[in-house]
2 protein chains.
Amino acid sequence: MKTTGNQSVKIIPLGGLEQIGMNITAFEYEDSIIVVDCGLAFPDDEMLGIDLVIPDITYLKENASKVKGLVITHGHEDHIGAIPYALKELNMPIYATKLTMGLIENKLKEHNLLRTTRRKVIKHGQSINLGRFRIEFIKTNHSISDAAALAIYTPAGIIVHTGDFKIDYTPVFGDAIDLGRFAELGKKGVLALMCESTNVEREGYTPSERTVGRTLRHLFDENKDHRIIVATFASNVDRVQQIIDCAYSCGKKVVIEGRSMVSTISTAAELGYIKIPDNTLIDIEQMKNYVDEQLVLITTGSQGETMAALSRMAASTHRKVSIKPGDVIIFSSHPIPGNEKAVSKVMNELAKKGASVIFQDTHVSGHACQEEIKLIYTLTKPRYAIPIHGEYRHLKRHKDLAVEMGIPKENVMILQSGDVLTISKEQAKVTGHVPAQGILVDGLGVGDVGNIVLRDRQHLSQNGLFIVVVTLDRYNGVLLAGPDIVSRGFVYVRESEKLMEEAKSVVTNTLEHCNAKKITDWGRIKGAIRDDLGDYIWKKMKRSPMILPIIMEV
Amino acid sequence: MKTTGNQSVKIIPLGGLEQIGMNITAFEYEDSIIVVDCGLAFPDDEMLGIDLVIPDITYLKENASKVKGLVITHGHEDHIGAIPYALKELNMPIYATKLTMGLIENKLKEHNLLRTTRRKVIKHGQSINLGRFRIEFIKTNHSISDAAALAIYTPAGIIVHTGDFKIDYTPVFGDAIDLGRFAELGKKGVLALMCESTNVEREGYTPSERTVGRTLRHLFDENKDHRIIVATFASNVDRVQQIIDCAYSCGKKVVIEGRSMVSTISTAAELGYIKIPDNTLIDIEQMKNYVDEQLVLITTGSQGETMAALSRMAASTHRKVSIKPGDVIIFSSHPIPGNEKAVSKVMNELAKKGASVIFQDTHVSGHACQEEIKLIYTLTKPRYAIPIHGEYRHLKRHKDLAVEMGIPKENVMILQSGDVLTISKEQAKVTGHVPAQGILVDGLGVGDVGNIVLRDRQHLSQNGLFIVVVTLDRYNGVLLAGPDIVSRGFVYVRESEKLMEEAKSVVTNTLEHCNAKKITDWGRIKGAIRDDLGDYIWKKMKRSPMILPIIMEV
């Protein structure tokens, strides 16, 4: 693909720039659009009752004829989790490395999309042509195997997208990141580097995954005579490999537990990304044939998720595994921000059952720290830097780092999701905006819960609810029945009899006032009930429950 | 006080052993009870709408005549916050060091309890006799000045209670912890050591508060030309002292902002715990008379609390301070577990406004790490160890550490709040239980929100609400009006018209069925509505809102 000096392409992030999660970016040139990643985000604390958040792909749907394909960097939920939702709106062929594709296919099967979705497995080093773009997959390291960075050859120049990565000189599976290729691209000339920002606030290097293996080996040696339970991320296949290796070398049998763990490890094993020695893996049903010290469980639940296997063990609601004194439980993970208390709760419950809980030095990150990011800048020597994957403060810190690395300040582009960046050798500039707010998924509903609904849930959760029902004569507004008051989430019923009686007389008074003033508009009557009752409860209790007046007419 | 071999005393923790917070312990011998600390806890995530949690002092009220006084170790909320609530139930004299008492008095004033509460300020090294107990206050270091450990002389022997502490050889204010006194007590013979456990999972030592001062000094030097805003804990008077010193040496003026910050620093200044150079402090109203680079703000909000000053500045709702590009904002704090996301949100908002946000190496803990705890064990050589202040996993880790220090396993007592530990030189044993569940405070209501109410709030917050109202003829059960359906927190109204219509016909069907089957019990009719409508919504949406059928009779 020839590049001429004055061509410009558009880079349109549709997510991932206000948060860590929901990564998706479109690249557009004339009649061609390619999409990189299509991830979900987990809901914030204030998104009550929401299951997950997916990107808004309105822009892609509006330009459906241009969309040439979806290119995926690796198989984590924040990069592949929204694919089924997107495909239901817009059919696109998918390009990914082998393990990544295996994990995507598991999702497509669940959503009945496997048959209708074109897919192509790409090897590291291989390139594909999609419309006016050529995309080359470059080997990287991450906390899931088969991660790729992308070199996107565009008419305006080469854009390097790192995906999520770290530099691991001694990876557990496969090769180290292909730094040589980054260097070659640097020699050719890189227009823009889109580098991830997760760990940009951390100095130094992220240690090799193998360092965790060494710690685990020590822990297994020290606890030979105990049943060992290791909780980790289902997707960290290399970690699971190391746990299995430790178990094997101690002569222990391994049980894999937790739905996502079983599914990921099966896929990884089928595709050759994990090697399980013969006679090592046993089914959970076979556990009873072994004594405790012969057993290792590898389980989900390292983030304290209520329904995950380890949490159910801790709460004594797991049907197959009971925690007992002597059990050694290793959290091979760090809590993701926001999960600290949930994790701590599970640890306390496990400790109360007599288990030893170990969580120190048993995890390394999958993301590059400052020195690694600097190395990528040094190798690729980009003209522009576009920090990606992070909250604003990460992008900002990344900008400072890029400037330290010699990128001119004005060439570091901090974007927001929805920005249309038009970029050429001469300039880079935000030239438009497209919809990019996350869409909330609650049960089967996609996008039907919005701010009003969330505000109501918030209000109900903080203060509960007061329902006032009155039946009025439809002709003269005379009170035929009620006021009846039902409250929920407000106060114990037995504590509140007097309060309820007083509340009823407040409402009766309000109705009499309205009647005396000849107010017949039911909206106004409801408003008056809400105001008077609200004042009464605030004065009495300093609380503001949601008040719902309902008028029935007979 | 003579101790004879076979006397036993009771130690009754009424809080603080399942969590970090709500510290309160009673010590009882014959006709005497003393209470150490009376703190509150902040609500867990699942305690929706709860403001704070206070201890249950039923046992103290039932033994009111025995209670000789309340002895306070230091002025943090988790040690003094529940005092006003307790005093309203049970009048007790209070004993504390000067700054601690000053902070308590602020609370008593707010609750109109100052006049009716006897108070005595105690100096470090001083002892008081309360009934059959003698209590000696021992100088310690902590993240608030004037912290004390207690030596409690009982007929069964000396019990040492550390309060919250660290070992700071170079404190900012006053002396280092009185290690010599701990050693003397060790020589005399200590029956039991009640040592705090907050940092027991951390190896090594907590650095001196002064190390933060050095970092701050560098940051102030580097940012001479900027307005500097420092967020920290209102109660960390020594930290504020160091910030003021830095500001003074740069020739900057200081504004103190945030209600609790202003109140604590005023008290500390009045009592001589902080030295503010003349002409350094200015009122927030005077800020306009200075250029940015002359100004330092010290503010609350380091934990991302929505209503705190810094959060309001970040959200552009602070009436006096607008964040602007060039501002340097230092978080001199770590997020308390559970606050990580809130803190991060505020940092992002500040960064978006162009401020530089600094949060690394700008805080040290106020709690002892493993080596410090070991030192206290070595000095006091207790017969029994009773780990306090921590979640179960902290207490468990503390037990392991005590055993490492040579305390026999059976002499390390992990208690639960409410346990009555009967302890003598011969044995220590849990001999009873008293009520000790936290009491929830919501607005003016103390204890009127319990599990049922919280479960309802949880249900409402996750799934919202469906109210079904029907008016029936009181004589023949004929439907006179409705079914009317009101939903909140469920789905956008405009999205749900069809759903609402269908829901109504589901309810109409149910009522017809009930009528056909001659069901006249309204409880059963409501149950049928709940079941049928619940099934319908689950099938349609995979959600389970709270369904509230209301039957009006006319």
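Below, read A as the first sequence line, B as the second, and so on, with proteins coming before strands; counting in each chain starts at 1.
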For chain A, which of [options] has the most heavy-atom pairs under 4.5 Å?
options	value
B:D51, B:I414, B:L480, B:I550	B:I550
B:D442, B:D45, B:L548	B:D442
B:T471, B:I50, B:L350	B:T471
B:E391, B:E349, B:M47	B:E391

Under 4.5 Å between any side-chain heavy atoms of A:F359 and B:E201, yes or no?
yes

With side chains defined as the heavy atoms from C-beta onward, is the minimum distance between A:D456 and B:L465 less than 4.5 Å?
no

With only heavy atoms counted, which part of [X] is less than 4.5 Å from chain B, the side chain, the backbone, both or neither?
X	result
A:P545	neither
A:Q462	both
A:K539	backbone
A:K352	both
A:K540	backbone
A:N451	backbone
A:Q19	neither
A:D44	both

Give the member of [options] that has the highest number of heavy-atom pairs under 4.5 Å with chain B.
options	result
A:G450, A:G482, A:G338, A:A342	A:G450
A:H394, A:R397, A:K396, A:M347	A:M347
A:E553, A:K341, A:R543	A:R543
A:A481, A:G443, A:S344	A:S344
A:W538, A:Y392, A:F490	A:Y392

side-chain contact (heavy atoms from CB on, under 4.5 Å) between A:V486 and B:I467, intermediate numbers included:
CA-CA 10 Å; A:V486 176; B:I467 306 167; over 6 Å; no

B:M552 and A:D484 have their tightest heavy-atom pair at SD-OD2, 3.8 Å

Which atoms of B:M546 approach chain A - backbone, side chain, both or neither, heavy atom under 4.5 Å
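Side chain only.
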
Main chain of B:R393, side chain of A:N348: is a donor-acceptor contact present, judged purely on distance under 3.5 Å?
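Checking the backbone N and O of B:R393 against the side chain of A:N348, a donor-acceptor pair under 3.5 Å is found.
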
Main chain of B:G489, side chain of A:R457: is a donor-acceptor contact present, judged purely on distance under 3.5 Å?
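Checked: pair present.
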
